[in-house]
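Here is how names work: the chains are called A, B, and so on, in the same order as the sequence lines, proteins then strands, and each is numbered from 1.
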Amino acid sequence: MLRVYNTLSRRLEVFSPLNPGTVLMYVCGPTVYDYTHVGHARTYVAFDVIKRYLRLKGYDVVHVQNITDIDDKIIRRSREEGRSWREVADEFTRDYLEVLEKLNIKVDLHPRVTEHISEIIEFIGLLLEKGYAYVAPSGSVYFDVDSYGDYGRLSGRLSKEEWGQEQEYVKEKKHPYDFALWKAAKPGEPWWESPWGPGRPGWHIECSVMATLYLGERFDIHGGGSDLIFPHHENERAQSEAALGVKPWVRYWLHTGMLTVEGQKMSKSLGNIVPLKDLFREWQPEVVRLWLATVHYRSVVNFSDASLHQAGRNYERLANAVQALQEVLRKEEYSFKLSDEGRKLLREMARLRRGFYEAMDEDFNVSKAFSYVYELTSIVFSRILEKPEAAVALRALALLEEFNKVLGVLDKFFSRAPPLPLDQLIELIVEVRKRLRKAREYELADWIREQLLKQGVRLYDRGEETVWRLL
RNA sequence: GCCGGGGUGGCCGAGAGGCUAAGGCGGCCGGCUGCAGACCGGCUUAUUCCCGGGUUCGAGUCCCGGCCCCGGCUCCA
């Protein structure tokens, strides 16, 4: 039985989706005004892990993650760089999609705000019609927070003094805590035609509109970074429940913990923002993903060289375990009777599998769950490879493949259909090197090892024998 | 100030009333070894879980009171 922490109730709740067997999930994606950084990745990987676990449990998950491609920061950047807002948005959208691909995150749908202007206008119209919004003299439309009645509960801000936002419009708003649904265009700004004059959507409305359009008027999981709880999600909740007349609009609000860099907040002023495109130059995407995937989604993650390094070691060990097992299956005859040790190992693996699911069921406790994965790799090296039995190796491999459904870092080892011609070429080179070593031609042998490493093939000599592993 | 989350071995991080407090990283020693790495074994590695009280037969785990850290509170994943 899966339990999740709901920000709205501030407690663990039994997870039970609207429609049994299906999970509708909306995650707040980026505003594309700059390169995607590790903080974004932290959130996207966390929700990808959640989605993958739900799928492993048998749910059909629909994952929508928006792209906000019009906003003040995009406009500012386009002015600074003398190009159109669309060029800016396109460039960073491309970067974002590349990052997701490298991190092995597959989102079902990435709706872009500017492709949904008419739906947004319609939604705002509905709010006006029902009396939850008003048009200001400038042509901007604001949400009337007082008309909603349940504002502040998500963020735990129950007094109006804590609601202040969008100070720049304070003179034309009824209350300082009202927020813009539609922003009237100022000279030189991009605009779309609307019943209230030329303008563009406010920041919060797009998520309400696109979530409703693609998931329906009610859905299961709404996620994002915990910095979005106020005002973004508070506002989404208010305008959606008001316009659609549903309650609760979202069943489970899930928020990820923030990322710090060497113990400090990541910010422009500290100059410590780490773009993924830079990080990938130093660490392979699988390592970055493993690092983020094995941290609990609600805790603060600290970016440091040591933590990436640890993930790198863990990745190598997992990759080695999988490949070593595959090698056993290539070489060992299938046995039709298991040894006592073999039967014991099967029982232990069943225990690890159970442990993994129990941990994940408790609000996606990945740290605990992955302790079982690492325990499995330890069993692989210390016991299974000691006295290999094909059936046991096969079981261990199947289990690793199952765990990888959530981890998502070992795909390339499982998607390979060995032996490929490439494998035979590598083996040929390894054999040549073996003969060189025998002839004590170490300089050349070491050179071959170096060159293969550059191609992503690492060699390990074990006495006379040499094994090779892909990175 | 307000709203959250925390303080467990050198580091990361499980454990949330009851067997000897997971797992990993790093370091050291040994095995293997032309070198490197990988892998194996051992040690570092917790009479102890920030401090002080309390509840209990029994508390990292629950309660009370402190101290400290991190994040959010204009825009932010």
Engineer: With rounding to whole Å, what would you report as the distance between B/C62 and B/U8 at their P atoms?
Structural biologist: 16 Å
Engineer: According to the Watson-Crick and G-U wobble definitions, with both distances under 3.5 Å, which nucleotide is paired to B/C75?
Structural biologist: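 None - no nucleotide pairs with B/C75, as no candidate has both distances under 3.5 Å.
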Engineer: Less than 4.0 angstrom from a charged side-chain N to a carboxylate O is my criterion; do A/Asp461 and A/Arg433 meet it?
Structural biologist: yes
Engineer: Want to settle it: does A/Tyr460 or A/Asp71 sit nearer the 5' end of RNA chain B, counting the closest nucleotide to each?
Structural biologist: A/Tyr460
Engineer: Among B/G34, B/C40, B/C3, which is the nearest nucleotide to the side chain of A/Arg10?
Structural biologist: B/C3
Engineer: Using the P atom in both, what is the distance from B/G23 to B/C67, to the nearest Å?
Structural biologist: 37 Å
Engineer: Classify the nucleic acid contact of A/Arg77 as base, sugar-phosphate or nothing, counting any heavy atom under 4.0 Å across all strands shown.
Structural biologist: nothing
Engineer: Taking everything shown except A/Lys344 itself, do over 12 heavy atoms lie less than 6.0 Å from its NZ?
Structural biologist: no
Engineer: With a 4.0 Å cut-off, would you call A/Lys438 and A/Glu464 a salt bridge?
Structural biologist: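 Looking at A/Glu464 together with A/Lys438, the answer is yes, because their closest N to O distance falls below 4.0 Å.
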Engineer: Heavy atoms under 4.0 Å, any strand shown: does A/Gly29 hit a base, just sugar-phosphate, or nothing?
Structural biologist: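 The residue A/Gly29 makes sugar-phosphate contact but no base contact.
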Engineer: Tell me the closest heavy-atom pair linking A/Val406 and A/Arg52, and the distance in Å.
Structural biologist: O-CD, 3.4 Å
Engineer: Would you indicate which nucleotide in B/A77, B/C35, B/G4 comes nearest to any side-chain atom of A/Met266?
Structural biologist: B/A77
Engineer: Exactly one of A/Leu2, A/Val49, A/Leu54 should register a side chain to side chain contact (heavy atoms under 4.5 Å, CB included) with A/Met360. Which one does?
Structural biologist: A/Val49
Engineer: When rounded to the nearest Å, what value does the distance between C1' atoms of B/A59 and B/A21 take?
Structural biologist: 13 Å
Engineer: With sequence neighbours left out, write down each residue that passes ring-ring contact (aromatic ring centres under 6.0 Å, His included) with A/Phe370, or none if nothing qualifies.
Structural biologist: A/Phe356
Engineer: In whole Å, what is the span from the CZ atom of A/Arg157 to the C1' atom of B/U74?
Structural biologist: 11 Å
Engineer: Heavy atoms under 4.0 Å, any strand shown: does A/Leu459 hit a base, just sugar-phosphate, or nothing?
Structural biologist: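 Touches a base.
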Engineer: Remember a base hit wins even if backbone is also touched, and classify A/Ser226 as base, sugar-phosphate or nothing at under 4.0 Å, heavy atoms.
Structural biologist: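 Contact class for A/Ser226: none.
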Engineer: Is the ring of A/Tyr44 stacked on the base of B/A77, with centres less than 5.5 Å apart and planes under 30° off?
Structural biologist: no
Engineer: Output the residues of residues 85-94 of chain A in contact with RNA chain B, where contact means a heavy atom of the residue under 4.0 Å from an atom of the strand; sort by number or write none.
Structural biologist: none
Engineer: Heavy atoms under 4.0 Å, any strand shown: does A/Leu385 hit a base, just sugar-phosphate, or nothing?
Structural biologist: nothing
Engineer: What residues from residues 345-357 of chain A pass a heavy-atom cutoff of under 4.0 Å to RNA chain B?
Structural biologist: none
Engineer: Using 0.5 Å steps for rounding, measure from the NE2 atom of A/His309 to the CH2 atom of A/Trp291.
Structural biologist: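 That separation rounds to 15.0 Å.
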Engineer: How close do A/Val14 and A/Tyr252 get, counting heavy atoms only, and between which atoms?
Structural biologist: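 That would be O-OH, 3.1 Å.
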Engineer: What's the gap between B/C28 and B/G1 when it is taken at their P atoms, as a whole Å value?
Structural biologist: 47 Å
Engineer: For B/C43 versus B/U33, give the span between their P atoms, rounded off to a whole number of Å.
Structural biologist: 24 Å
Engineer: Remember a base hit wins even if backbone is also touched, and classify A/Gly39 as base, sugar-phosphate or nothing at under 4.0 Å, heavy atoms.
Structural biologist: base
Engineer: Spell out yes or no: do the side chain of A/Asp446 and the base of B/G34 have one donor N/O and one acceptor N/O closer than 3.5 Å?
Structural biologist: yes
Engineer: Watson-Crick or G-U wobble partner for B/G4, using a 3.5 Å limit on both distances?
Structural biologist: B/C70
Engineer: How would you label the contact of A/Ser382 with the nucleic acid (heavy atoms, under 4.0 Å): base, sugar-phosphate, or nothing?
Structural biologist: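 Sugar-phosphate, backbone atoms only, no base.
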Engineer: At 4.0 Å (heavy atoms only), tell me whether A/Phe381 reaches a base, stays on the sugar-phosphate, or touches nothing.
Structural biologist: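 The residue A/Phe381 makes sugar-phosphate contact but no base contact.
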Engineer: Has A/Arg469 got its NZ or CZ under 6.0 Å from the middle of the six-membered ring of A/Tyr460, at an angle within 45 degrees of the ring axis?
Structural biologist: no
Engineer: When we call it a touch if two heavy atoms are under 4.0 Å apart, what does A/Glu316 touch: a base, just sugar-phosphate, or nothing?
Structural biologist: sugar-phosphate
Engineer: Under 4.0 Å from OP1 or OP2 of B/G72: is there any side-chain N or O of A/Lys265 that close?
Structural biologist: yes
Engineer: Where along residues 276-289 of chain A does a heavy atom fall under 4.0 Å from RNA chain B?
Structural biologist: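 Under 4.0 Å from RNA chain B: no residue of residues 276-289 of chain A.
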Engineer: With a cut-off of 6.0 Å (strictly less than), are more than 12 heavy atoms of other residues, nucleotides or ligands near CD of A/Glu101?
Structural biologist: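 12 or below, so no.
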Engineer: As an exercise, state the distance from CG of A/Leu292 to OG1 of A/Thr294, rounded to the nearest 0.5 Å.
Structural biologist: 8.0 Å
Engineer: What interatomic distance, in whole Å, is found between P of B/G66 and the corresponding atom of B/C29?
Structural biologist: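 The answer is 50 Å between these two P atoms.
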Engineer: If you check every side-chain atom of A/Asp227, which of B/A77, B/C70, B/G34 has the closest atom?
Structural biologist: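 The answer is B/A77.
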Engineer: Would you list the protein and nucleotides 59-61 of chain B atom pairs, both N or O, that sit under 3.5 Å from each other?
Structural biologist:
none

Engineer: May I ask you to verify if any side-chain N or O of A/Asn365 is less than 4.0 angstrom from the OP1 or OP2 atom of B/G15?
Structural biologist: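 For B/G15, OP1/OP2 do have a side-chain N/O of A/Asn365 under 4.0 Å.
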Engineer: Could you work out the separation of B/C25 and B/G9 based on their C1' atoms and round it to a whole Å?
Structural biologist: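 Roughly 13 Å separates the two C1' atoms.
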Engineer: In B/S/- notation, 5' to 3', how is nucleotides 19-31 of chain B contacted by protein heavy atoms closer than 4.0 Å?
Structural biologist: ---BSBSS-----
Engineer: Rounding to an integer number of angstrom, what distance separates B/G41 and B/G6 when you compare their C1' atoms?
Structural biologist: 37 Å
Engineer: Just checking A/Glu162: base, sugar-phosphate only, or nothing, at a heavy-atom cut-off of under 4.0 Å?
Structural biologist: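 A/Glu162: backbone/sugar contact only, no base atoms under 4.0 Å.
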Engineer: For B/C39, give its Watson-Crick or G-U wobble partner with both distances under 3.5 Å, or none.
Structural biologist: B/G31
Engineer: Is the cationic atom of A/Arg11 (NZ for Lys, CZ for Arg) positioned less than 6.0 Å from the six-membered ring centroid of A/Tyr5 and within 45 degrees of its normal?
Structural biologist: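 Because its charged atom misses either the 6.0 Å distance or the 45° angle limit, A/Arg11 does not stack over A/Tyr5.
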Engineer: Mind checking if A/Phe47 touches a base, just sugar-phosphate, or nothing, with heavy atoms under 4.0 Å?
Structural biologist: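 No contact.
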